[in-house]
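Notes for the one structure printed next.
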Amino acid sequence: MQSHTRKLLTVVTEAVLEGTLVRDIDRLNARGYTITDARGKGHRGVRSAGWEANSNIRIEVVCDEATADAIAAYLQEHYYEDYAMILFVSDVDVLRPEKF
Amino acid sequence: MQSHTRKLLTVVTEAVLEGTLVRDIDRLNARGYTITDARGKGHRGVRSAGWEANSNIRIEVVCDEATADAIAAYLQEHYYEDYAMILFVSDVDVLRPEKF
Amino acid sequence: MQSHTRKLLTVVTEAVLEGTLVRDIDRLNARGYTITDARGKGHRGVRSAGWEANSNIRIEVVCDEATADAIAAYLQEHYYEDYAMILFVSDVDVLRPEKF
Amino acid sequence: MIDPIILFFLLGATAGLLRSELRLPAAIYEFVSIVLLLAIGLKGGIELARQPFGSLLPQMLAVVALGFFLSLAAFPVLRYLGRFKRADAASIAAHYGSVSVGTYAVVVAYLGSRQIAFEEHMPLLLVLLEVPAIIVGIVLARGLSRETRWRSVAHEVFLGKSIVLLLGGLLIGWAAGPDGLSSIEPLFFDLFKGILALFLLEMGLITATQVGSLRRYGPFLMAFGIGMPLFSALVGTGLGWVLGLSIGGTAVLATLAASASYIAVPAAMRISVPEANPTLSLAAALGVTFPFNVLFGIPIYHALAVWAHTFAKG
Amino acid sequence: MIDPIILFFLLGATAGLLRSELRLPAAIYEFVSIVLLLAIGLKGGIELARQPFGSLLPQMLAVVALGFFLSLAAFPVLRYLGRFKRADAASIAAHYGSVSVGTYAVVVAYLGSRQIAFEEHMPLLLVLLEVPAIIVGIVLARGLSRETRWRSVAHEVFLGKSIVLLLGGLLIGWAAGPDGLSSIEPLFFDLFKGILALFLLEMGLITATQVGSLRRYGPFLMAFGIGMPLFSALVGTGLGWVLGLSIGGTAVLATLAASASYIAVPAAMRISVPEANPTLSLAAALGVTFPFNVLFGIPIYHALAVWAHTFAKG
Amino acid sequence: MIDPIILFFLLGATAGLLRSELRLPAAIYEFVSIVLLLAIGLKGGIELARQPFGSLLPQMLAVVALGFFLSLAAFPVLRYLGRFKRADAASIAAHYGSVSVGTYAVVVAYLGSRQIAFEEHMPLLLVLLEVPAIIVGIVLARGLSRETRWRSVAHEVFLGKSIVLLLGGLLIGWAAGPDGLSSIEPLFFDLFKGILALFLLEMGLITATQVGSLRRYGPFLMAFGIGMPLFSALVGTGLGWVLGLSIGGTAVLATLAASASYIAVPAAMRISVPEANPTLSLAAALGVTFPFNVLFGIPIYHALAVWAHTFAKG
Ligand SMILES: Nc1ncnc2c1ncn2[C@@H]1O[C@H](COP(=O)(O)O)[C@@H](O)[C@H]1O
Ligand SMILES: Nc1ncnc2c1ncn2[C@@H]1O[C@H](COP(=O)(O)O)[C@@H](O)[C@H]1O
Ligand SMILES: Nc1ncnc2c1ncn2[C@@H]1O[C@H](COP(=O)(O)O)[C@@H](O)[C@H]1O
Ligand code: NA
Ligand code: NA
Ligand code: NA
């Protein structure tokens with residue numbers, strides 16, 4: 001099967017940011033995103049998802065490298081300092097390159 | 001530690017397909033799968049998981065390359081046209097190659 | 001953008017282990033982890049998350065290679081034999097290497 | 001005076017349209033649906049225990065015929081007037097030939113707060129009306145082809161959540177009778193309207209999400225989403241009158257006919273007629289017909305029932 | 001006449017066996033369990049407030065002894081007759097020496113709907129009976145080895161969800177007394193049987209998932225899953241009689257003895273005896289013993305209690 | 001005698017501190033909050049229907065002023081005595097100028113169980129008191145800069161979950177009146193205290209998670225978390241007395257003043273003043289002030305109200 005390489009960008013951050021981030025991601029030309037509810041621990045302590053202020057989300061975006069870079073740069077600039085947030089990028093193969 | 005490369009195939013699609021897909025994946029010789037509930041947005045619009053018809057699932061299968069190809073081809077043929085669905089594949093290292 | 005390679009270690013296992021594993025991961029020097037609820041199927045049968053004894057969790061840890069190896073070795077030694085568990089590792093790019 | 005449960009629907013719809021952050025967790029929506037479906041079934045089952053089953057047979061057959069008729073009547077309108085693709089027309093027709101349990105709950109509450117009696121075995125007819133339209137939808141989309149996996153269709157239809165709970169409730173109510181159920185009344189009957197209020201709050205939020213699709217698919221869907229229930233209600237009123245139902249019963253049957261499914265049928269169509277676009281049918285059923293029925297339709301159907309009965313007597 | 005809550009169990013089991021799509025969200029199952037556990041605790045606590053604690057001491061000690069005895073009695077049967085591995089035999093024995101809160105709720109509903117009184121402090125005995133079998137299970141599997149981390153075992157046992165809620169309810173009920181609790185009665189007491197009905201619906205669904213494992217592990221588990229509760233009920237009946245309990249109280253104690261844990265013990269065994277296969281114990285406790293007790297056992301244990309009391313008098 | 005709902009809070013806190021495995025699923029916590037918010041709104045709305053709106057205007061304005069005053073008063077204390085960063089001081093001040101719906105529910109239950117009447121339109125004042133402090137907090141942190149996106153702040157504030165549900169409940173209660181609501185009473189009013197008990201159980205668990213942060217940020221936060229509500233309650237008592245409220249109403253207003261938000265304000269601050277550390281404000285509001293108010297504050301504020309009224313008369 002013919003497959004094509006794209007980037008998978010994963011962000012784990014505070015649930016309160018969901019609305020804002022989704023708008024940012026749309027604006028930065030991603031074609032879609034997938035969100036799951038999460039909990040976890042990091043530099044800003046334990047976030048156990050017991051109630052809203054304490055819940056995380058995990059956002060995945062499959063996109064081309066330029067978009068991934070743009071989103072990563074934007075998030076780093078706007079949210080890294082003030083929010084519990086991590087971000088990582090990996091390579092994935094997709095079947096329909098035009099879709100992402 | 002001795003590790004071995006396998007494929008991680010991730011599918012995000014409509015929750016209504018869960019039963020069918022699980023049967024397909026079993027039949028195509030995957031040894032297991034993991035499912036999480038998800039929401040998201042793609043070409044078929046926002047799927048916000050507010051109620052059943054509108055919910056996504058995220059299925060992961062760790063398997064060898066042939067199985068990943070077979071599943072990807074099968075899903076592409078049977079579901080891409082009519083369902084909200086994306087699929088991507090990446091490389092992962094596992095410790096017990098015989099398990100996958 | 002300057003990015004750095006780290007390991008993403010993913011574990012899928014029984015929900016009952018959450019407390020224990022989180023302590024193990026902390027002790028083995030990971031800087032954080034992310035957990036989502038999951039269901040699935042593997043060698044130990046279907047785990048459909050209908051109730052506690054039957055639920056899975058999916059733990060992700062971003063860390064350097066040594067930590068990933070240490071965690072993988074520890075889990076393999078302590079849990080593989082008695083618990084429903086899989087583990088896989090992949091490469092990811094992160095922006096802040098000092099954080100992981 | 002407007003029923004407070006309708007106000008909960010309006011609250012949800014307003015919050016949704018204003019893009020409020022209000023969201024009911026999916027687990028709560030399911031909980032609320034499960035309790036409503038069981039409660040409706042139980043209520044009907046109690047009544048079944050009181051009646052000789054044979055006496056209901058004519059009504060049961062008539063209602064099955066109604067389901068076939070309504071979906072068959074909707075199809076050509078959608079296909080030729082609406083110019084929808086075959087699969088889409090078939091799927092939408094199936095939605096409108098079937099019923100909405102939420103709408104049923106609202107008409108029951110409407111009649112209850114006006115102390116208008118109706119035949120209490122209506123939940124049985126509700127279950128029966130869910131099914132035929134699904135079969136029609138699949139056949140219209142596929143033809144009577146050999147390929148259709150009827151076994152899995154039957155599984156999908158009869159073992160879907162809503163039919164299992166309604167039917168299960170019916171059987172439990174029938175087996176236990178009114179005395180047997182008294183111990184579970186506080187949950188299933190006393191809380192019924194409060195839980196219905198939460199359900200309608202969520203339905204309002206969901207309805208609001210359909211506005212976007214409606215805008216895209218335009219005026220025909222809106223016209224159909226109002227015209228079809230009015231037509232169906234006329235047919236339902238006529239049938240209720242023919243079957244000798246009370247005014248209340250006639251209003252309920254008209255409302256059932258007028259309502260469009262958004263639980264059982266969407267799930268069945270998604271599996272059995274996947275090429276149909278679910279956005280279209282949900283936009284019509286949830287975005288137009290549900291709010292229309294809840295806000296305006298039910299009083300109209302009640303008036304129709306009164307009128308039919310007066311007319312008949314005079 | 002069969003209790004409607006039992007019908008909910010049968011509905012769930014049937015839906016599960018027919019592979020219906022019906023599923024209760026996990027959050028709802030937890031909600032329902034939490035309310036049941038608290039309600040049971042509160043009810044018992046009210047009663048404790050009425051009695052001198054000292055007068056209960058003999059019963060409390062007797063029940064702890066019962067827990068030790070039942071698990072110790074089950075072990076050799078499983079190990080030598082059933083030929084299970086040491087860890088598996090120990091774990092299953094622990095399940096059967098402990099108790100099932102769901103079964104307790106059903107026997108309470110059973111006696112309630114027949115207006116048979118029983119000692120209301122039973123929830124206290126329920127809590128006490130949960131624990132000893134866990135200790136026995138661990139010791140049987142591990143020996144009294146130094147390695148067993150008893151601190152973490154104690155944590156697991158006493159701070160597990162079910163004991164915290166039962167004990168918390170007991171203390172709150174005891175501190176607040178019947179008048180203090182009147183304001184929360186509508187949720188915890190009036191809705192009790194309705195919520196129990198939902199719980200049993202889900203239990204039916206869960207039970208149905210155990211059929212596969214049962215088929216695999218075969219006839220011995222099935223025989224044990226029915227024989228052991230009958231034996232335990234006999235012991236429980238005898239003890240109830242010795243302790244001077246009423247007929248109702250004797251039936252409850254027999255049911256507690258006969259029931260097998262599927263919440264507290266599985267969690268504790270999974271952590272402390274991980275090499276035991278949880279599929280075995282859950283197939284027996286959930287797939288055989290729970291349905292057996294709920295459908296057939298409780299009436300039998302009631303009859304036993306009546307018989308013991310008649311016999312004693314005559 | 002201590003109210004049982006307080007005991008539920010203590011149970012949750014104890015379980016949390018002992019690191020029990022007890023956890024309420026997030027969906028249940030949301031369900032319970034939604035029902036409480038709607039119930040409080042509905043109750044207030046019924047009362048609004050009974051009163052000429054104009055007569056409430058002075059109270060409404062006074063309460064808005066109170067919100068501005070309390071947050072402005074808290075800020076310098078935090079900034080100069082507490083040496084917090086500007087953003088942190090502003091954010092904490094906003095929390096304390098606003099209100100906690102959970103605390104309101106507890107004072108209502110407290111007065112209810114002592115049969116002390118209070119002005120039933122209090123939920124209206126509750127809604128009004130939520131908002132001003134948020135504006136103050138943002139302005140204090142940011143200045144009146146042009147960059148502040150007030151449109152999105154307004155959206156965040158007025159369309160947040162808690163205000164939509166409170167306001168929606170108020171409007172529904174007002175439109176439907178007491179008779180209209182009778183059908184949904186069993187869920188929203190009869191179950192109120194039971195549901196509040198579950199809410200407080202979860203609040204106890206959440207409170208326990210704040211102990212760690214408290215330990216880190218030390219004694220000033222603890223002193224502020226007790227001193228500020230006492231000061232606010234004094235102001236609230238004075239205002240209640242000036243406005244001519246009853247003893248019950250004065251106690252409620254004092255409690256509202258004394259309470260610190262942990263739903264609406266944290267969400268708004270997180271979006272609008274992201275550089276403020278949410279750990280600080282939540283540790284104070286949830287870890288100190290909420291338990292203080294619930295356990296000790298409310299009886300004190302009640303005594304204050306009695307004293308103010310006696311003093312005034314004498
Ligand atoms: N090393 C890590 N591996 C996986 N997830 C992490 C890691 N560090 C942080 N996270 C997740 O990202 C969230 C925010 O991280 P932080 O900003 O470090 O508090 C945490 O609550 C975790 O869910
Ligand atoms: N570019 C993307 N990145 C991540 N997830 C996506 C992307 N596109 C689509 N999805 C997910 O896949 C589902 C189906 O996509 P689609 O078929 O494009 O509507 C969406 O609801 C999203 O959850
Ligand atoms: N091949 C696989 N791909 C993805 N997930 C798997 C796979 N095998 C097992 N799992 C997950 O890991 C859990 C434990 O696996 P096991 O120990 O094989 O029973 C299962 O319940 C699944 O959720
Ligand atoms: Na219809
Ligand atoms: Na037992
Ligand atoms: Na305040």
Side-chain angles (χ1 to χ4, degrees), chain D residues 24-39 41-42 45-46 49 151-152 154-192 194-195 263-264 267-268 270-271, chain E residues 1-36 39 105-106 108-115 184-202 204-205 208 295:
Chain D
L24 249 72
I28 298 314
Y29 178 68
E30 280 201 49
F31 175 60
V32 159
S33 315
I34 288 170
V35 174
L36 287 185
L37 287 162
L38 282 171
L42 289 168
I46 291 180
R151 256 187 76 110
S152 87
H155 187 276
E156 187 65 34
V157 170
F158 291 107
L159 293 170
K161 196 180 68 178
S162 65
I163 296 217
V164 166
L165 289 171
L166 279 172
L167 216 58
L170 271 170
L171 290 172
I172 293 175
W174 175 75
D179 297 342
L181 292 189
S182 64
S183 64
I184 60 173
E185 254 176 36
L187 176 60
F188 291 105
F189 298 160
D190 297 353
L191 295 191
F192 186 78
I195 287 183
I263 301 181
R270 206 73 202 95
I271 293 295
Chain E
M1 202 207 52
I2 193 160
D3 206 314
I5 56 170
I6 304 298
L7 297 172
F8 278 87
F9 177 75
L10 291 175
L11 173 59
T14 313
L17 291 174
L18 294 175
R19 300 183 179 286
S20 150
E21 244 126 73
L22 182 61
R23 260 207 241 166
L24 251 72
I28 297 314
Y29 179 66
E30 280 201 49
F31 175 60
V32 159
S33 315
I34 288 170
V35 173
L36 288 185
V106 175
V108 166
Y110 174 94
L111 295 176
S113 68
R114 279 159 190 76
Q115 271 132 351
I184 60 173
E185 254 176 34
L187 176 60
F188 290 105
F189 298 161
D190 298 352
L191 294 191
F192 185 78
K193 281 192 86 176
I195 287 182
L196 181 57
L198 292 178
F199 177 79
L200 288 173
L201 180 68
E202 173 70 13
L205 290 166
L295 299 176

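Chain letters run A, B, ... following the sequence lines, proteins first and then strands; every chain starts at 1.
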(request) Identify the heavy atoms of E/Gly194 and D/Phe188 that sit nearest to each other, and give their distance. (result) O-CE1, 4.1 Å
(request) Check each atom of E/Leu198 against the heavy atoms of chain D and say whether the ones under 4.5 Å are side chain, backbone, both or neither. (result) side chain
(message) What part of D/Leu42 gets within 4.5 angstrom of chain E, counting heavy atoms only: side chain, backbone, both, or neither?
(response) side chain
(message) Nearest 0.5 angstrom please: D/Ile28 CD1 to E/Ile28 CD1, how far?
(response) 4.5 Å
(request) Give the minimum heavy-atom separation between D/Ala175 and E/Leu7, together with the two atoms involved. (result) CB-CD1, 3.9 Å
(request) Identify which part of E/Leu10 has an atom lying under 4.5 Å from any heavy atom of chain D, answering side chain, backbone, both or neither. (result) neither
(message) I need the residue from D/Val35, D/Leu181, D/Leu159, D/Leu167 with the largest number of non-hydrogen atom pairs under 4.5 Å to chain E.
(response) D/Leu159
(message) If we define contacts as heavy-atom pairs under 4.5 Å, which of D/Pro186, D/Gly169, D/Gly168, D/Ser162 has the most with chain E?
(response) D/Pro186
(request) Of all the heavy-atom pairs spanning D/Ile34 and E/Pro25, show the shortest one and how long it is. (result) CD1-CD, 4.4 Å
(request) Could you tell me which portion of E/Phe192 (side chain, backbone, both or neither) has an atom closer than 4.5 angstrom to a non-hydrogen atom of chain D? (result) neither
(request) Between chain E and each of D/Ile184, D/Leu171, D/Ile172, D/Leu187, count heavy-atom pairs under 4.5 Å; write down the option with the most. (result) D/Ile172
(message) Under 4.5 Å from any heavy atom of chain D, what part of E/Leu18 do you find: side chain, backbone, both or neither?
(response) both
(request) Would you mind reporting whether D/Glu156 and E/Glu21 have side-chain heavy atoms less than 4.5 Å apart? (result) yes
(request) Please flag which part of D/Leu38 lies under 4.5 Å from any non-hydrogen atom of chain E: side chain, backbone, both or neither. (result) side chain
(request) Please list, chain by chain and in numerical order, all residues satisfying ring pair (Phe, Tyr, Trp, His ring centres under 6.0 Å) with E/Phe9, sequence neighbours excluded. (result) E/Phe290
(message) At a 4.5 Å cut-off on heavy atoms, which part of E/Arg19 comes close to chain D: side chain, backbone, both, or neither?
(response) both
(request) Over all heavy atoms of both residues, which pair between E/Pro4 and D/Gly180 is shortest? Give the atoms and the distance, please. (result) CG-O, 3.1 Å
(message) Can you confirm whether E/Asp190 sits close enough to D/Asp190 that some side-chain heavy atom of one is under 4.5 Å from a side-chain heavy atom of the other?
(response) no
